[in-house]
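To start, the structure under review is shown below, and the notes come after it.
For reference, positions follow the sequence shown, starting with 1. Whatever order the structure lists them in is the order used to number ligands and atoms, beginning at 1.
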Amino acid sequence: MSNRRISGFKPTGPLQLGNYLGAIRPVIEAQHRQPTTVFVADLHALTVPHDPARLRELTTQVAGLLLAGGLDTRSTILYRQSDLPAHAELHYLLECVASYGEVHRMIQFKEKGGGSGTRLSLLTYPVLMAADILLHDIAEVPVGRDQRQHVELTRDLALRFNERFGPVFTVPEAVLPQVAARVADLSDPTAKMGKTNASTNGVLFLLDPPDVLRRKIMRAVTDTGTEVVYDPERKPGVSNLLDLLSAITGDKSEQIAAKYENYGSLKAATADAVIALLEPIQRRYHELTPQDIEQALAQGAAQARERADATVSRVRNAMGLTTAQPAPAGSPGTPTTAPTPR
Ligand code: TYM
């Protein structure tokens with residue numbers, strides 16, 4: 001039974017602390033125990049309005065931050081999704097297994113889609129995500145809570161495919177971190193911290209300088225009252241800060257709450273912890289050159305390609321598609337040189 005893992009990161013904006021605590025760190029911590037593949041999901045970034053030059057820049061930045069965060073390319077495969085055409089091919093084949101109703105129900109489409117200019121790819125995006133996962137015979141998908149529904153859809157598609165066409169896919173499951181599965185925006189604790197949130201005041205970007213991180217944390221929206229208690233329902237702002245500290249220190253949020261007299265001292269401690277966490281990542285990131293990053297991505301694509309192509313070929317066969325075999329050299333009707341176009 002495989003215990004292989006995969007995770008993807010969409011270059012729609014600079015990576016933020018939720019990405020790190022929710023997915024990057026869990027992936028990196030387990031990479032020497034479980035075979036791991038990580039990719040920059042640049043095809044997914046095309047589902048919303050985008051600027052080509054900015055997409056290129058963010059793709060490199062996301063890959064660089066994964067490397068700076070500790071991704072070890074000696075054991076872990078890191079690649080850029082669009083380098084492997086197998087993603088797009090399997091996406092289409094799985095669209096022929098998925099139903100309109102089930103993708104239309106996905107929460108992220110309901111939240112972000114709807115207008116007449118909405119790209120069709122935003123609707124079918126969860127099927128591309130299923131393709132990303134199913135290409136690689138994956139057992140576990142470490143993700144934040146917002147992606148759990150997409151992994152559920154992936155399971156449904158894998159099971160349906162296997163039932164209809166034979167046992168081709170491994171059926172994966174989502175793995176969420178115990179703390180920080182949904183880091184909230186500091187200026188609106190009811191919303192998720194996200195790369196593309198309209199205001200960046202409550203989003204802690206991994207490359208924010210220390211003074212910016214401190215300012216954002218000191219200005220975090222807290223709740224009525226003055227007492228530091230862990231109560232996500234009634235005190236979502238304070239509880240979010242406690243969860244951040246808990247994810248960083250490993251202590252329980254309730255125990256951390258008991259250590260602080262007021263919101264100010266809790267915020268100062270959170271700022272210190274976040275800055276100390278990100279400092280080495282930022283330092284390593286700034287030491288990397290674009291060539292280092294490109295080289296890592298090229299090596300990863302070469303490693304991932306064979307497995308991905310083999311999966312697509314199994315899927316094509318199972319679905320009844322025939323792959324033309326190259327005719328043996330010199331057989332009748334085979335031109336030895338290409339015909340001259342007229
Ligand atoms: P993306 O790029 O939005 O986020 C990357 C990862 O970070 C997690 N995450 C969070 N975790 C906790 N708190 C937060 N505030 C927070 N914000 C983001 C996400 O859950 C995710 O794990 N569709 C995916 C990318 C993707 C993918 C895949 C992931 C494409 N194909 C295959 C896994 C497997 C996405 O948009 O992630």
Quiz item: Partners of Y79 by ring pair (Phe, Tyr, Trp, His ring centres under 6.0 Å), sequence neighbours excluded?
Solution: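 For Y79, the residues satisfying ring pair (Phe, Tyr, Trp, His ring centres under 6.0 Å) (neighbours in sequence not counted) are F39, H87, H136.
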
Quiz item: Can you list the residues that meet the ring pair (Phe, Tyr, Trp, His ring centres under 6.0 Å) rule with Y263, with sequence neighbours excluded?
Solution: none

Mind listing the N or O contacts between ligand 1 and protein, cut-off under 3.5 Å?
from	atom 1	to	atom 2	distance (Å)
ligand 1	2 (O)	K10	N	2.9
ligand 1	2 (O)	K195	NZ	2.6
ligand 1	3 (O)	K195	NZ	3.4
ligand 1	4 (O)	N19	ND2	3.2
ligand 1	7 (O)	N19	ND2	3.1
ligand 1	11 (N)	G18	O	3.1
ligand 1	13 (N)	V183	N	2.9
ligand 1	15 (N)	V183	O	2.9
ligand 1	15 (N)	M193	O	2.9
ligand 1	17 (N)	Q16	NE2	3.3
ligand 1	20 (O)	G144	N	2.8
ligand 1	20 (O)	D146	OD1	2.5
ligand 1	22 (O)	G144	N	3.2
ligand 1	23 (N)	Y125	OH	2.5
ligand 1	23 (N)	Q147	OE1	3.1
ligand 1	31 (N)	D132	OD2	2.7
ligand 1	36 (O)	K10	NZ	3.2
ligand 1	36 (O)	Y125	OH	3.0

Quiz item: Taking R155 for the side chain and P172 for the main chain, is one N or O donor matched with an acceptor at less than 3.5 Å?
Solution: yes

Practice problem: Please check if the side chain of K267 supplies one atom and the backbone of A220 the other of a donor-acceptor pair under 3.5 Å. | Solution: yes

Exercise. I would like to know whether R234 and D223 meet salt bridge (Lys or Arg N to Asp or Glu O under 4.0 Å); could you show each step before the answer?
Key: CA-CA 8 Å; R234 295 207 341 266; D223 313 288; over 6 Å; no

Could you pull out every donor-acceptor pair under 3.5 Å between side chains of residues 198-211 and any protein atom, sequence neighbours left out?
from	atom 1	to	atom 2	distance (Å)
S199	OG	N201	N	3.2
D208	OD2	F205	N	3.1
D208	OD2	K216	NZ	2.7

